[in-house]
Amino acid sequence: MKSITVQSLTETFQLEVLAGASRMDRTITRPRTHRPGLEFVGYFDFFPMERVQVLGRKEITYLLTLSIEERKLHIGNIVKYHPPCFIVTSGQQEIPYLKLFCDQEGIPLLRTPETTTEFIAKLDRYLVKAMAPEISIHGVCVNVSGIGILLRGKSGIGKSETAHTLIRRGHRFVADDIVVLKKLGPATLLGTHNETTREFLALRSIGLINVVRQYGRRAFQDETRIVLDIELAPWQENSLNNELEVVPQFTEYLGVQIPHIEVQLQPGRDVAGLIEAAANNWYLKQLGYSAAEEFMQRIENEMQ
């Protein structure tokens, strides 16, 4: 199970540490936050104690309406479950009672000036990505007209050179050689780099180039949702390459089915152009349009 430390979370979001500084090594293992509302009134069935607990104005204001003894009781009931940490939003100040309990139990108490809604949205997105199941594969990842594409094929087939041509045509580079795939949902696969190779593209006979330094910041993006898996393969003389509509094929990564296309290479073929066409064709299909269906409809109309 993937996890991150409270210390890492604190540094990422520049949170203020109010209590529990000695236990910043506590780990977070669940990708969603929780606002303890029902728990403050004594209902603990289904309490997600492994999640980061966020206290907004609603929760803090409620605690301030209680007597000192009631406040101690309600806070103590939650703290004894030892969640990874508590985060107070909107820069709220009147929380000395929380500091006392968190210091006693060794639970980090953190604070952010951001509003509750905005902070939870950002934190949930971060946690989902940080803890998503992932694998690394050999290939190249590009974003063509907003469409994430994974380029695969044997070493030396021309994946990086094709990516370079796409970059020069105004598309964006994501990763070369090692592509990290993260599963964000049942049908969502994210492609990114492994930090070490960030912005670097390896071209045979040329060597490494830094895409951002050569072509500008717009030529690179950190991640993209993968919707097409394109394999570059040697040309096969006897294979059928002129179908009106290719039978759908899929490649599975982390349980996510991604449409697969094989592009056979031959001197003179505009491979980058074919990839652009594949991306545009995929987009049109999402809109419900099929060129093959329109073509067949025209033939039927002529025969009537």
Side-chain angles (χ1 to χ4, degrees), residues 1-134 182-186 188:
M1 178 183 295
K2 296 181 67 176
S3 65
I4 63 172
T5 64
V6 174
Q7 179 67 43
S8 175
L9 186 71
T10 301
E11 293 172 355
T12 300
F13 288 91
Q14 299 181 326
L15 303 175
E16 179 184 1
V17 181
L18 303 176
S22 63
R23 292 304 315 276
M24 298 295 285
D25 60 341
R26 291 175 65 89
T27 57
I28 302 166
T29 59
R30 296 286 294 276
R32 298 286 182 182
T33 56
H34 176 68
R35 296 183 69 176
L38 289 174
E39 290 77 18
F40 277 136
V41 296
Y43 185 79
F44 283 90
D45 290 355
F46 313 108
F47 175 44
M49 58 186 176
E50 304 93 347
R51 295 183 180 179
V52 173
Q53 306 296 312
V54 178
L55 306 177
R57 290 192 181 277
K58 181 170 61 177
E59 290 79 18
I60 298 300
T61 300
Y62 170 73
L63 290 173
L64 290 173
T65 65
L66 303 176
S67 66
I68 294 177
E69 291 304 316
E70 288 176 322
R71 196 179 301 158
K72 287 181 178 179
L73 175 64
H74 290 306
I75 296 173
N77 286 340
I78 289 183
V79 169
K80 70 181 181 182
Y81 282 92
H82 286 86
C85 64
F86 290 96
I87 302 178
V88 177
T89 61
S90 302
Q92 297 175 90
Q93 302 290 325
E94 298 178 356
I95 50 174
Y97 45 90
L98 280 172
K99 294 181 182 179
L100 177 63
F101 274 90
C102 288
D103 270 328
Q104 288 177 348
E105 296 295 328
I107 301 174
L109 175 63
L110 314 170
R111 181 164 60 194
T112 175
E114 295 191 61
T115 63
T116 308
T117 303
E118 291 178 351
F119 180 72
I120 287 178
K122 289 169 59 175
L123 182 53
D124 279 346
R125 285 196 300 269
Y126 169 78
L127 292 174
V128 167
K129 288 184 181 179
M131 297 182 191
E134 67 178 51
K182 295 187 176 187
K183 182 180 180 180
L184 300 188
T188 303

Partner set under side chain to side chain contact (heavy atoms under 4.5 Å, CB included) for [X], not counting sequence neighbours:
X: E50; value: T29, R30
X: T65; value: Y62
X: E94; value: L64
X: V17; value: T10, A21, M24, L110

Quick one: list whatever passes side-chain hydrogen bond (donor to acceptor under 3.5 Å, both in side chains) with [X], sequence neighbours left out.
X: E39; value: H34
X: Q104; value: none
X: K58; value: none
X: S90; value: none

[Y] and [X], any side-chain heavy atoms less than 4.5 Å apart:
X: E105; Y: K80; answer: no
X: V128; Y: R32; answer: yes
X: L66; Y: F40; answer: no
X: Y126; Y: I4; answer: yes
X: F46; Y: L38; answer: no
X: I87; Y: L123; answer: yes

Of T112, V88, D124, I120, which meets side-chain contact (heavy atoms from CB on, under 4.5 Å) against V54?
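One option only clears the test, and that one is I120.
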
Quick one: does Q53's side chain have a donor or acceptor within less than 3.5 Å of a partner on P84's backbone?
no

Flag, side chain of R26 to backbone of P83, donor-acceptor distance under 3.5 Å:
yes

Which residue pairs pass the side-chain hydrogen bond (donor to acceptor under 3.5 Å, both in side chains) test with at least one member in residues 15-24, sequence neighbours excluded?
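Output for this query lists E16-R111, R23-D25.
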
With side-chain contact (heavy atoms from CB on, under 4.5 Å) as the test, would you mind laying out the steps for L18 and L98 before giving the verdict?
CA-CA 9 Å; L18 303 176; L98 280 172; over 6 Å; no

Salt bridge (charged side-chain N to carboxylate O under 4.0 Å, His left out) partners of [X], counting only residues at least two apart:
X: R35; result: E59
X: K99; result: none
X: K183; result: none

Please walk me through it: do M49 and H82 pass side-chain contact (heavy atoms from CB on, under 4.5 Å)?
CA-CA 7 Å; M49 58 186 176; H82 286 86; over 6 Å; no

Stepwise side-chain contact (heavy atoms from CB on, under 4.5 Å) test for I78 and F47:
CA-CA 9 Å; I78 289 183; F47 175 44; 4.2 Å; yes

Could you walk me through whether E70 and L63 pass side-chain contact (heavy atoms from CB on, under 4.5 Å), step by step?
CA-CA 9 Å; E70 288 176 322; L63 290 173; over 6 Å; no

